[in-house]
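Working notes, structure below.
Every chain is numbered from 1 and lettered A, B, ... according to where its sequence line falls, protein lines coming before strand lines. Because the structure is predicted, anything quoted here is derived from the model rather than measured.
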Amino acid sequence: MSELETQIENRRRKREALVEQGVDPYPTRYEFDLEPSQVLERFGERSAEELEAEEQRLKVPGRVRALRKHGKTSFVDLHDGQSKLQVMIRRPQLDEAAEAVLENLDLGDFLGVDGQLIRTRTGELTVAADDLVMLSKSLRPLPEKWHGLADVEARYRRRYLDLIVNPEPRQVFEIRAALVRGMRSFLDAHGFLEVETPMMQAIAGGAAARPFATHHNALDIDLYLRIAPELYLKRLLVGGLHRVYEINRNFRNEGISTQHNPEFTMLEFYWAYSDYRQLMDFTEKLLVGLANDIHGEPAITWQGARLNLEPPWPRYSIKQAISHFAGIDESRLDHVADLAAIFDERKIALPTIVKETSHPVLQSGSRSKYEKEHAQTEIPGDWYGRFLMELFEETVEEKLQEPTFILDYPIAVSPLAKPSPEDPRFTERFELYLGGMEIANAFTELNDPVQQAQRFRQQMEARELGDEEAHRFDHDYIRALEHGMPPAGGEGIGIDRLTMLFADCPSIRDVILFPLLRPQATDE
RNA sequence: GGGCCGUUAGCUCAGUUGGCAGAGCCGCGGACUUUUAAUCCGAAGGUCGUAGGUUCGAUUCCUACACGGCCCA
């Protein structure tokens with residue numbers, strides 16, 4: 001028998017021993033007065049003399065996290081997930097049932113104690129218990145008390161253990177909840193209506209991503225888990241819900257990394273008669289407010305650096321950003337041939353989509369060949385934008401630690417955004433970068449049904465060239481637009497990444513309670 | 001998909017330049033009526049991730065695989 005099996009066997013024997021002595025190891029009901037952290041809140045300041053005079057008796061439940069037995073006196077640390085409360089037990093004062101509980105008590109058990117609140121000789125607030133109730137017998141040993149659970153894989157796979165023995169995850173998920181709470185109250189206060197739109201969609205639209213597929217048996221139709229709620233939320237704009245938001249899961253059938261989990265949480269909101277400029281101001285206000293609420297200052301600490309969130313935040317167009325952060329003159333950013341030359345100079349790989357595309361111009365996969373043929377062959381017009389974006393991601397993205405708006409994205413990569421009146425190659429779109437990560441994506445929404453249909457057709461062409469992430473044509477969405485969508489701004493904010501920043505977690509798995517891992521054969 | 005790193009007792013970790021596998025915590029037995037990482041005494045606990053290979057001998061060296069981490073695509 002392995003050591004673990006032995007330990008489980010010992011605990012099972014104690015469970016049986018309790019049953020034999022008429023003690024239910026899993027009782028149905030327990031009435032208590034306060035949990036440990038509440039006891040500390042209410043009585044934490046009382047002196048020994050005050051407690052002695054008060055003769056306050058309490059029933060307190062909690063998980064046994066430490067057990068110090070010395071002869072006739074035992075000390076137990078009772079935890080409620082936030083704080084611990086010490087219990088002192090003098091064996092001679094116990095009745096038979098309580099004695100059996102003490103006799104068969106293990107670390108990890110849930111225990112109810114009943115006794116007077118005192119301070120011990122060392123001054124610690126303590127319940128001097130004269131009655132004990134087993135509330136739930138634990139059959140497996142907890143990880144070590146001092147080092148906790150350190151194995152990263154075990155922490156993700158068995159988050160319940162991580163939460164019991166490590167203080168950090170609880171704090172992280174409290175921050176996460178505070179962020180979501182703060183967003184809701186901010187949006188509610190600005191007159192936004194929270195809605196829920198389909199997670200299962202016949203056409204997975206609203207973003208460039210591969211979806212998860214599923215099937216509805218009764219209707220016998222294929223459905224997709226949504227990659228974004230965008231097209232449904234904008235249908236609501238058509239329907240007269242002029243300020244709407246949704247906080248919910250998106251699913252993207254793509255790789256896993258420290259910044260990507262296949263399911264992740266987004267806030268998306270749409271605001272009629274607004275535009276991307278107003279959304280930038282709104283975003284600044286939202287995030288600096290969250291920082292003030294959660295950290296008590298308009299700043300966050302990210303991987304050792306203090307990032308100041310006080311508005312206004314710098315705003316660069318894509319071209320300005322490349323010029324400013326990568327030192328490339330803006331005059332070289334207007335033509336695809338110039339961009340290709342920069343890729344060569346800087347030894348940057350071509351955009352994936354270009355490499356994967358079966359367009360004859362690039363079939364060789366060789367850049368020099370591409371450049372040669374480029375001179376005499378018509379290049380699909382949207383490749384300028386794709387090259388520009390690739391250059392931006394390669395040279396600028398990681399440098400954007402302080403909050404920065406990057407604006408005016410190429411039309412090729414923004415099929416749902418309204419074109420810029422100044423330069424039709426670009427759109428009224430921004431992304432917010434913070435800590436080197438893309439946190440928000442927003443634009444003035446394209447509400448021209450004719451142009452939107454044309455954009456969808458361009459996406460279908462890209463799909464035929466091999467871009468599996470290209471948007472799908474959504475005829476029903478076009479029909480909705482044809483009824484008239486008010487001019488509007490819309491924005492998505494990634495909750496997971498924002499939590500990473502606010503809780504200073506370098507991996508998205510640390511801000512998702514149960515991140516996706518490859519299933520493991522169950523062990524003992 | 002590629003590179004690097006990791007996997008030893010329930011937990012946290014040592015270690016073996018190839019020769020019987022180590023500690024602390026936990027668990028078990030004992031002592032102890034104010035401890036708090038309680039203390040003291042005692043006895044336990046291992047397919048060294050899995051499968052092959054090299055070798056007189058592999059936990060250690062080699063190969064493949066599994067799972068995980070970080071970086072890159």
Side-chain angles (χ1 to χ4, degrees), chain A residues 1-15 17 36 48 51-52 64-79 83-94 102-109 115-130 138-158 160-162 164-166 254-260 303 347-356 365 390 393-394 397-398 436 505-510 515-524:
Chain A
M1 199 188 296
S2 73
E3 190 192 348
L4 175 59
E5 285 167 338
T6 306
Q7 293 204 25
I8 292 173
E9 188 53 36
N10 287 337
R11 285 168 180 248
R12 285 182 181 275
R13 266 205 299 276
K14 291 179 183 176
R15 176 192 192 278
L51 289 169
E52 203 172 331
V64 175
R65 290 297 314 283
L67 185 50
R68 298 178 290 279
K69 288 190 172 184
H70 353 166
K72 294 194 173 63
T73 300
S74 295
F75 293 89
V76 169
D77 288 345
L78 227 45
H79 281 240
S83 324
K84 70 150 201 194
L85 177 64
Q86 179 169 264
V87 180
M88 183 172 74
I89 302 158
R90 290 204 185 85
R91 215 160 61 199
Q93 297 178 355
L94 302 180
L102 181 63
E103 188 63 31
N104 294 292
L105 195 62
D106 283 304
L107 295 180
D109 291 349
Q116 191 180 322
L117 213 46
I118 61 159
R119 278 195 190 276
T120 58
R121 187 185 290 166
T122 54
E124 175 148 355
L125 189 68
T126 298
V127 178
D130 46 43
S138 157
L139 298 181
R140 282 178 186 263
L142 286 173
E144 197 213 356
K145 61 185 166 193
W146 192 243
H147 298 95
L149 188 63
D151 181 74
V152 191
E153 186 178 353
R155 290 184 43 223
Y156 296 153
R157 287 192 194 278
R158 296 197 268 170
Y160 47 92
L161 287 181
D162 188 29
I164 293 170
V165 300
N166 295 328
E254 292 167 353
I256 295 176
S257 78
T258 46
Q259 284 183 45
H260 299 86
Q303 302 299 290
K347 303 217 176 351
I348 300 169
L350 284 173
T352 314
I353 170 59
V354 176
K355 277 187 296 187
E356 287 175 357
E390 186 73 14
E393 283 165 22
E394 284 291 325
E397 208 170 273
E398 67 179 344
C505 294
S507 171
I508 198 170
R509 293 181 201 93
D510 290 321
L516 186 67
L517 298 182
R518 192 178 286 276
Q520 209 180 30
T522 49
D523 57 8
E524 287 302 304

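- In this structure, the CD1 atom of I164(A) is 14 Å from the P atom of C11(B), given to the nearest Å.
- Judged by distance alone, the side chain of S257(A) and the main-chain N or O of Q259(A) form a donor-acceptor pair under 3.5 Å.
- Heavy atoms of other residues, nucleotides or ligands lying less than 6.0 angstrom from CD of E254(A) number more than 12.
- Contact of R121(A) with U34(B) (side chain to base): no donor-acceptor pair of N or O atoms is detected under 3.5 Å.
- Nearest to the side-chain atoms of P141(A) among the listed nucleotides C70(B), C26(B), A38(B) stands C26(B).
- Taking only side-chain nitrogens and oxygens, K84(A) never comes nearer than 4.0 Å to OP1 or OP2 of U35(B).
- Distance from the side chain of L149(A) is smallest for C11(B) among the nucleotides A38(B), C11(B), G27(B).
- Between U60(B) and G18(B), the two C1' atoms lie 6 Å apart (nearest whole Å).
- Taking only distance into account, the side chain of E124(A) never meets the base of U35(B) through a donor-acceptor pair shorter than 3.5 Å.
- Note on K69(A): every side-chain N or O is 4.0 Å or more away from OP1 and OP2 of G29(B).
- Comparing Q86(A) and D151(A) by the nucleotide of RNA chain B whose heavy atom lies nearest to each, the residue mapping closer to the 5' end is D151(A).
- Listed here is the closest heavy atom pair of P36(A) and S83(A): CB-O, 3.9 Å.
- Residue T258(A) places at least one side-chain N or O closer than 4.0 Å to OP1 or OP2 of C71(B).
- The same atom, P, is picked in C56(B) and in C13(B); the two are 38 Å apart, to the nearest Å.
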Dot-bracket for RNA chain B, please. Rules: Watson-Crick or G-U, both distances under 3.5 Å, ( ) within the strand, [ ] when a pair crosses earlier ones, | for another strand, . otherwise. (((((((..((((.....[..))))..((((.......))))......(((((..]....)))))))))))).
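- In this structure, L51(A) and Q116(A) have side chains that are not in contact, with every pair of non-hydrogen atoms separated by 4.5 Å or more.
- If you take CG of N104(A) and P of C28(B), they are 10 Å apart, rounded to a whole angstrom.
- Residues M88(A) and I118(A) form a side-chain contact, since some pair of their non-hydrogen atoms from C-beta on lies under 4.5 Å apart.
- Along RNA chain B, the nucleotide nearest Y156(A) and the nucleotide nearest A150(A) are compared for position; the residue whose nucleotide lies closer to the 5' end is A150(A).
- Rounded to the nearest Å, the gap between the C1' atom of C61(B) and that of U54(B) is 8 Å.
- OP1 or OP2 of G68(B) lies within a sub-4.0 Å distance of a side-chain N or O belonging to R157(A).
- Between H260(A) atom NE2 and C71(B) atom C1' the separation is 15 Å, expressed in whole Å.
- A23(B) and G68(B) have their C1' atoms separated by 26 Å, with the value rounded to a whole Å.
- In the set G45(B), U35(B), C70(B), U35(B) carries the atom at the smallest distance from any side-chain atom of H70(A).
- Distance check on atom C1': G27(B) versus G45(B) gives 9 Å, rounded to whole Å.
- If you take atom C1' in C20(B) and the same atom in G15(B), they sit 15 Å apart, rounded to whole Å.
- A close approach under 4.0 Å does not occur between any side-chain nitrogen or oxygen of R518(A) and OP1 or OP2 of G69(B).
- A gap of 32 Å separates the P atoms of A73(B) and A14(B), to the nearest Å.
- The CD-C1' distance, from E103(A) to G29(B), rounds to 12 Å in whole Å.
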With a cut-off of 3.5 Å and sequence neighbours excluded, list every side-chain donor-acceptor pair involving residues 71-78 of chain A.
| from | atom 1 | to | atom 2 | distance (Å) |
| --- | --- | --- | --- | --- |
| D77(A) | OD1 | R68(A) | NH2 | 3.2 |
| D77(A) | OD2 | R68(A) | NH1 | 3.2 |

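- Atom pair L107(A):CG and C26(B):P shows a separation of 7 Å (rounding to whole Å applied).
- The side chain of E144(A) sits closest to C25(B) out of U33(B), C25(B), C70(B).
- For the OP1/OP2 pair of U35(B) and a distance below 4.0 Å, the side-chain nitrogens and oxygens of R68(A) include no atom meeting the criterion.
- Rounded to the nearest Å, the gap between the C1' atom of A43(B) and that of G30(B) is 11 Å.
- Among the protein residues, R65(A) comes within range of no part of the nucleic acid, since none of its heavy atoms lies under 4.0 Å from any strand.
- Put simply, CG on D106(A) is 13 Å from C1' on G10(B), counting in whole angstrom units.
- Heavy atoms of G255(A) sit nowhere under 4.0 angstrom from any nucleic acid atom.
- Candidate nucleotides G10(B), C67(B), A37(B) were compared by shortest atom distance to the side chain of E153(A), and C67(B) ranks first.
- The CD1 atom of I164(A) lies 5.5 Å from the CG atom of L142(A); values are rounded to the nearest 0.5 Å.
- Note: N10(A) CG to R13(A) CZ = 5.0 Å, rounded to the nearest 0.5 Å.
- Going from atom CG of L4(A) over to atom C1' of C11(B) covers 11 Å, rounded to whole Å.
- Between T258(A) and I508(A), every side-chain heavy-atom pair lies at or beyond the 4.5 Å cut-off.
- Separating the CG atom in D130(A) from the CZ atom in R91(A) is a distance of 16.0 Å, to the nearest 0.5 Å.
- A donor-acceptor contact under 3.5 angstrom links the side-chain atoms of T120(A) to the base of U35(B).
- The interatomic distance linking F75(A) (CZ) with A38(B) (P) rounds to 12 Å, in whole Å.
- Within 3.5 Å, a donor on the side chain of Q7(A) pairs with an acceptor on the base of C26(B), or the reverse.
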